[in-house]
Amino acid sequence: MGLFDSWLSKDVRRFIKRRDSDAGETGRALEELRSSLYNELRTSEGAKRQQQRCCGPVVAMTFNFMVAVGIILANKLVLGKIGFNFPIFLTLIHYFTAWILMAIFKGLALLPVSPPSKTTPFSSLFFLGAVMALSTGLANTSLKFNSVGFYQMAKISVTPTIVLAEFILLKKTVSFKKVLALSVVSIGVAIATVADLEFNMFGACIAILWIIPSAINKILWSNLQQQSNWTALALMWKTTPVTIFFLLALMPWLDPPGVLSFVWDVSNASAILISALLGFLLQWSGALALGATSATSHVVLGQFKTCVILLGGYILFKSDPGFVSICGAVAALCGMSVYTSLNLRGSGESSGKQSLPSFKQKASMEDHTSEKSDVNNNTPNVV
């Protein structure tokens, strides 16, 4: 019996040591993971690799789609039910909340490091912040003074503007098949959403002025992240103060008076705060999507959201947008599918072309190594 107890106690001790060893290895692995993530965020190159690893095109665009649907509902609550009729000031609250959250991230050492200042001049960041303020502010003002149909027509005009601007500024061309797919998308969205074209002269001027800043804003966000080592949060941290400054300048011109007389009770303030938090997530997810894809793809994603909301209301809530609108939405979704397929095929071909030179270089290095080994084997040994 004593021998059995001794053998059992040895097994128990061995099991406990093994569990302690496993726990120690798990703890060391977690510590190494934490330190590697921390070190990755300390350099702009590492932070960019981490963003690309965690937020690919599908993740970024899905994140942006879900947040956009949420903020549409939140803004309808704020601007409609609550009656907060100050779109520029609401946008200012969104960006100010985003700046506070990023300041907290920076204090906790969670904000990715920006690239060196010599890689991106301050004038480019200042211009991006100003364009972002104009794009967001004029969009909300256009929606206020124009009908939804005219606002959708202005949004559709952003797609050809981006294609033209990228050709002029970046010498970037689009294949005929993609142009045809984008045309089907634009026409389908127009048929699905443009029910009325009511506008006044001031609203029409605002809508036309909004198109160019919106296109340039998307191009700059996509280009700076893809050509430089900028991450979405680092670029937001640098440009948000400039955007806040220009929104403060736009507010007296485009917002009506009376913002101080608004009833700031708990329910109204809570709804505005939720809208502001969703606004930060929308800005972040939009920047991630632009960095992972392109400006044109991000516009197509916005039109996809419009069609899904229209068809979702018809299927789930039995709303009746009309047979013509449903056909337009279905045609737009078909065009989006073709455009996505063309993009995936093009990315696959480009990745194959990039891997071919490295394979050739590796093969040549192996041939060179084998030749050297043959020479060494054929060389007689001298004693």
Within the distance-only criterion (no hydrogens, no angle test), does the side chain of [X] pair as donor or acceptor with the backbone N or O of [Y] below 3.5 angstrom?
{"X": "S214", "Y": "W210", "result": "no"}
{"X": "N64", "Y": "L288", "result": "no"}
{"X": "S337", "Y": "L333", "result": "yes"}
{"X": "W221", "Y": "L290", "result": "no"}
{"X": "S285", "Y": "L281", "result": "yes"}
{"X": "Q303", "Y": "V185", "result": "no"}
{"X": "T243", "Y": "T239", "result": "yes"}
{"X": "S135", "Y": "V131", "result": "no"}

Would you mind reporting whether [Y] and [X] have side-chain heavy atoms less than 4.5 Å apart?
{"X": "V179", "Y": "S183", "result": "yes"}
{"X": "F86", "Y": "P256", "result": "yes"}
{"X": "L90", "Y": "S275", "result": "yes"}
{"X": "W99", "Y": "M236", "result": "no"}
{"X": "Q283", "Y": "H94", "result": "no"}
{"X": "W230", "Y": "L125", "result": "yes"}
{"X": "L220", "Y": "M132", "result": "no"}
{"X": "L282", "Y": "L278", "result": "no"}

Considering all heavy atoms of both residues, which atom of [X] and which atom of [Y] are nearest to each other, and what is their separation?
{"X": "I211", "Y": "S157", "value": "CD1-CB, 3.7 Å"}
{"X": "V113", "Y": "A234", "value": "O-CB, 4.2 Å"}
{"X": "S142", "Y": "A207", "value": "OG-CB, 3.6 Å"}
{"X": "A332", "Y": "C307", "value": "CB-SG, 3.7 Å"}
{"X": "A295", "Y": "E166", "value": "CB-OE2, 4.0 Å"}

Tell me, which pairs form a ring-ring contact (aromatic ring centres under 6.0 Å, His included) where one or both residues lie in residues 241-269, sequence neighbours left out? F84-F262, F84-W264, F126-F246, F262-W264

Can a side-chain donor-acceptor contact be found between [Y] and [X] if the only test is distance below 3.5 angstrom?
{"X": "Y95", "Y": "T136", "result": "yes"}
{"X": "S294", "Y": "S297", "result": "yes"}
{"X": "H298", "Y": "T293", "result": "no"}

For [X], does the [atom1] atom sit with more than 12 other heavy atoms under 6.0 Å from it, leaving out its own atoms?
{"X": "I212", "atom1": "CD1", "result": "no"}
{"X": "W237", "atom1": "CH2", "result": "yes"}
{"X": "F96", "atom1": "CZ", "result": "no"}

Would you please test L92 and L250 for side-chain contact (heavy atoms from CB on, under 4.5 Å) and show each step? CA-CA 10 Å; L92 178 65; L250 287 174; over 6 Å; no

Establish whether [X] and [Y] are linked, either directly or via other cluster members, by ILVMFWY side-chain heavy-atom contacts under 4.5 Å.
{"X": "I162", "Y": "V184", "answer": "no"}
{"X": "V59", "Y": "F304", "answer": "no"}
{"X": "V242", "Y": "I88", "answer": "no"}
{"X": "I206", "Y": "I208", "answer": "no"}
{"X": "L180", "Y": "I156", "answer": "no"}

Audit row: Q225, T231, side-chain contact (heavy atoms from CB on, under 4.5 Å) steps and yes/no: CA-CA 6 Å; Q225 290 188 80; T231 58; 5.6 Å; no

How long is the gap from CG on L273 to CG on N268, to the nearest 0.5 Å? 12.5 Å

For a side chain to side chain contact (heavy atoms under 4.5 Å, CB included) with T296, tell me which candidate from I219, L182, V174, L301 qualifies. L182

